[in-house]
Amino acid sequence: MSGHDLLPLLPLIALAGGAVVVLVALTIRRSHALVFALTLVTLATAMGMLFVAARFGGYPNALLTVDCTALYFIGLILGASFVVAMLSQGYLRRQSARPEEFYILLLLATLGAGVLVASTHFASFFLGLEILSVSLYSLVAYRRSRRALEAGVKYLVLAGTSSAFLLLGMAFIYSQTGTMELGRLSLHFDGAVHLVMFAGLALVMVAVGFKLALVPFHLWTPDVYQGAPAPVSAFIATVSKGAVLALLLRYAGALDLFSNHAVMVMFAVLAILSMFTGNLLAVRQNNVKRLLAYSSISHLGYLLVALIAGGPRATVAVGFYLGAYFVTTLGAFGVVTVLSTADSDADSLTLYRGLFYRRPALAAVLTVMLLSLGGIPLTAGFVGKFLVLRAGAGAGAALWALSIVLVVSSVIGLYYYLRVIVVMCAQHPHEKTSLIPAPQGDVPRGAVTGPVAPAAAIALTVLTAGLIFLGVWPGPLIDLIAQLM
Amino acid sequence: MILAWLILIPMAAGLVATTAGARRPLLSRWVALAAMAVDLAIAVGLWANSGQPVRFEAAWIPAIGASFSLYLDGLSLLLVLLTSVMGLLAVLASWRGIAHRVGLFHFYLLGLLAGVMGIFLARDLLLFYAFWEVMLVPLYFLIAIWGGPRRARASIKLFLFTQLGGLFMLLAILGLYFVHGQVDGDYTFNYDRLLNTPMAESTAFALMLGFFAAFAVKLPAVPVHTWLTDAHEQSPISGGVDLTGLVIKVGAYGLLRYVVGLFPEAALGHFATFAMVLGVVGILYGGVLAFSQSDLKRLVAYSSISHMGFVLLGVFAWNTLALQGVVMLLLASGIATGSLFILIGMIHDRTGQRNLAQLGGLWDMLPRTGGLFLFFALAAMGLPMLMGFVGEILVLVGTFGVSPTFAILATGGLIVSVIYALWVVQAVFQGPRAAKLSAPVRDVSPREWAMLGATVVITVWLGLFPMCVLCTSAPALRSIQKTAPANPLPTGSVRAELRVQQGGQP
């Protein structure tokens with residue numbers, strides 16, 4: 001492997017190097033501000049390296065490929081990590097005794113996600129997945145409260161099990177095809193698929209379904225999102241899902257996975273179940289983090305509709321929707337982060353009662369994010385949902401059923417997003433309505449009333465502005481994605 | 001470019017109002033008033049120059065075929081005029097009534113008006129859908145923040161009903177986009193290019209139903225009307241701002257341009273009979289239920305539903321007279337209902353009541369208010385020489401040529417409307433005094449005279465000289481009708497009127 005081959009890998013190398021540098025810096029001097037600055041520098045360097053890799057990009061070896069698709073998704077992941085780091089700074093200052101290790105784990109998790117997006121081989125697939133997962137085990141349990149430890153152990157056990165399924169599935173596929181390279185598998189999909197091969201594929205899909213939190217592999221999602229620190233929930237909801245989805249997008253297209261009728265039906269069932277279950281379970285929620293967890297399950301269902309449709313329209317739709325979903329989810333969890341205190345996260349809905357009068361800017365940000373999740377025009381969420389519907393509508397009669405399911409479940413979804421907005425607009429503490437949960441006591445306990453940390457404020461402002469900009473003027477981004485993919 | 005200003009001015013003014021309003025609420029009121037006055041001036045100027053339709057095109061998302069195209073013909077012009085007048089009334093009506101978060105109120109109000117203007121002007125289907133939603137979100141917030149005691153439920157119901165209809169419309173828009181693209185290779189959302197796309201009958205019917213769902217909810221047609229009564233009732237009461245009145249006109253506009261305009265064979269076949277039945281049911285049900293209400297605002301809401309029943313009937317009768325009647329009715333209903341709302345707000349400000357059981361005998365304390373209320377109750381009921389009569393009679397005569405049965409049943413609605421109109425005047429102003437007035441009480445203030453005086457003048461003038469409106473809408477309606485075969489015309493002396501209008505089919 002020559003030096004020239006290392007050039008496309010520079011973003012990932014920068015991440016790894018940055019993690020090592022931060023580790024070493026910690027041994028010299030334990031300072032939150034220094035570690036925070038180094039993390040941001042690492043992520044910025046990695047983003048800069050993306051442009052270098054774009055010029056020299058290609059196929060460095062059999063394990064990784066850094067083409068335009070990979071660069072786009074790595075860019076999204078790096079951006080998301082940057083925002084999570086900025087949101088975490090104020091949060092960790094209030095909460096944790098030893099905040100520095102958080103950033104190392106964050107960088108390593110980002111590295112794992114990057115490897116996952118660029119992988120072309122089972123080995124790099126597994127490696128990336130494991131780096132991501134192991135970093136997340138510690139991140140989820142970071143606060144070391146009872147809830148957080150419970151969430152961390154739950155995630156550890158379930159992710160470990162799904163990794164075991166993944167390995168067995170990979171073994172079955174290898175036994176049938178003799179190759180571990182993902183690109184070579186297409187030869188074995190036309191005509192009748194051997195039972196062992198199909199079993200292998202199903203087992204791999206269990207692992208993928210777990211990571212994407214699709215129904216029926218979603219049971220961990222609300223508990224882990226609730227127990228983890230809010231920035232970590234944001235990270236899991238965006239980077240962890242996005243990386244696996246990017247991989248699925250690449251290989252569903254390359255292998256023409258959905259031309260096989262059985263596979264298409266399996267995914268269609270997963271999509272319909274996710275869309276309905278995610279939205280229906282969120283309707284009665286009074287905990288904002290669990291509500292966002294269920295809503296993210298339904299959003300992955302919408303994305304699957306576009307994946308199943310296939311074709312160039314679907315690739316553009318998935319790319320744009322994922323970008324919009326990243327911005328929206330980070331914004332929503334960002335508001336939760338900013339409102340959290342040293343004792344507990346701001347997850348109970350009663351804390352948001354009358355937020356519009358107490359902290360109008362934060363309420364406005366959360367409102368815009370919720371409207372984008374609901375798919376209202378002038379937000380990026382609408383353009384994403386529209387592109388998904390366009391991909392679905394143009395792909396034949398079977399996809400019309402999925403499109404109608406998408407539309408109906410979107411309306412169910414709107415109900416609970418609007419309910420949160422109504423709670424924020426509630427004026428009197430004892431206003432009687434069954435829609436708003438009854439508060440305990442007069443003043444909402446636990447909400448932070450001081451000024452927002454500057455890093456978090458900048459992050460939220462940029463996210464909101466970006467969301468509205470992409471909603472009103474999506475043309476440039478759509479053209480960019482169409483060009484890259 | 002002038003068309004884009006009609007939309008941009010309210011939006012910009014909204015942003016100014018919200019930033020200024022935090023510290024100086026009066027400034028935000030004046031900004032809003034100025035914006036709507038400028039819009040009205042532009043609209044009147046366009047009316048004075050009327051002749052050719054005006055267009056505006058700009059690129060938006062060329063990758064998927066969506067452009068920022070605006071188009072103003074006679075029909076859109078009249079509705080734009082109506083919107084600017086109702087917007088002015090809304091700003092004036094809320095002058096003293098809304099005292100809390102004034103800047104934000106005007107931000108949402110101007111956003112709502114910009115959205116409604118956009119709907120009447122849009123010529124690109126995706127742009128139309130975007131403005132549809134832009135209209136919905138501010139309305140939701142206006143009711144959720146400043147509304148009555150049960151506003152949470154009313155605002156969510158409003159949003160969910162409209163959104164479900166809107167999403168079916170989005171699916172229909174996408175369906176039309178793909179059908180057209182597969183036939184022509186030209187994937188576009190532009191209305192002019194999508195007109196007359198050849199397609200199978202069943203496809204056309206399914207797509208038409210998608211659009212119809214959205215507009216039937218907005219109109220509102222009877223089975224899906226419950227959002228309107230709750231939203232009307234929980235609208236901000238002080239000042240009496242008729243918010244929902246601003247938006248229900250888009251339902252009728254959509255039916256004309258999109259449902260029958262884009263899919264004439266599907267809409268005017270057997271489906272037309274079904275739609276006319278819904279119209280008649282709306283007229284009679286709305287009227288009967290209006291009579292049985294004890295809350296003034298719900299009563300006016302049901303009378304609105306009754307008027308919209310006439311509109312639905314007229315649209316699907318689809319001949320020149322009926323369509324002219326529809327346009328006149330939209331204007332009349334908007335002005336009359338808006339004025340009634342202002343009067344209900346005035347009564348509520350002075351007595352603290354809007355329940356009929358607690359009102360009565362107000363005439364001797366508030367004679368001028370009573371007089372105005374009587375005038376607008378008669379206008380809403382369709383007294384000749386006032387605007388509402390012209391609309392209703394044109395719709396009835398037009399429908400009679402197509403289906404005498406429906407016309408006879410609809411005329412029953414006229415009787416019901418007389419009953420509830422006179423009943424409400426009697427219950428509020430005559431009889432023993434039940435209400436306690438907070439003394440001293442002023443009858444009609446100068447601001448209120450300005451608003452109601454203007455609407456009185458408009459109602460009488462258009463009732464006596466409706467031709468200026470009918471001549472403006474005639475060419476637009478004629479060009480919409482060109483895409484669809486006209487239903488048979490009524491015979492007799494009405495032919496003379498057709499020749500005078502110069503819009504009649506030979």
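So you know, we letter chains A, B, ... as the sequences are listed, proteins then strands, and number each from 1.
Interface summary for chain A: among B:Ile173, B:Ile61, B:Leu167, B:Leu170, the most heavy-atom pairs under 4.5 angstrom belong to B:Leu167. If you tally non-hydrogen atom pairs under 4.5 Å between each of B:Phe141, B:Phe168, B:Tyr140 and chain A, the highest count goes to B:Tyr140.
For A:Leu389, the parts sitting under 4.5 Å from any heavy atom of chain B are the backbone and the side chain alike. Proximity to chain B is limited to the side chain of A:Leu371, based on heavy atoms less than 4.5 angstrom apart. Heavy atoms of B:Phe131 lying under 4.5 Å from chain A are absent altogether. Interface residue A:Val472: only backbone heavy atoms are found under 4.5 Å from chain B. Interface remark: A:Leu418 contributes backbone and side-chain atoms alike to the contact with chain B (heavy atom separation under 4.5 Å). With a 4.5 angstrom heavy-atom cutoff, B:Ala66 does not touch chain A via any of its atoms. Using a 4.5 Å cut-off between heavy atoms, A:Leu387 contacts chain B through its side chain alone, with no backbone atom that close. With a threshold of 4.5 angstrom between heavy atoms, B:Leu136 does not approach chain A through any atom at all. Heavy-atom distances place both the backbone and the side chain of A:Phe356 under 4.5 Å from chain B. For a residue to count as touching a neighbouring chain, one of its non-hydrogen atoms must lie under 4.5 Å from one of that chain's; by this rule B:Arg101 touches chain A with the side chain only.
The backbone N or O of A:Ser274 sits nowhere less than 3.5 Å from a side-chain atom of A:Thr277 that would complete a donor-acceptor pair. Side chain of B:Arg151 to main chain of B:Ala144: a donor-acceptor pair is present (N/O by atom type, distance under 3.5 Å, no hydrogens or angles).
For the ring-ring contact (aromatic ring centres under 6.0 Å, His included) with A:Phe386, the lone residue among B:Phe189, B:Tyr177, B:Tyr129 that qualifies is B:Phe189.
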Going through the distances and angles, do B:Glu57 and B:Arg123 end up as a salt bridge (Lys or Arg N to Asp or Glu O under 4.0 Å)?
CA-CA 9 Å; B:Glu57 295 258 353; B:Arg123 201 69 174 165; over 6 Å; no
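Between B:Tyr253 and B:Tyr258, the ring planes lie perpendicular to each other; the angle is over 60°, past the 30° to 60° tilted range. The aromatic rings of B:Phe128 and B:Trp132 are tilted relative to each other, their planes meeting at an angle between 30° and 60°.
Residues A:Tyr415 and A:Asn279 have side chains that never bring a donor and an acceptor to within less than 3.5 angstrom of each other.
Judged by the 6.0 Å distance and 45° axis criteria, A:Arg313 is positioned over the aromatic ring of B:Tyr187.
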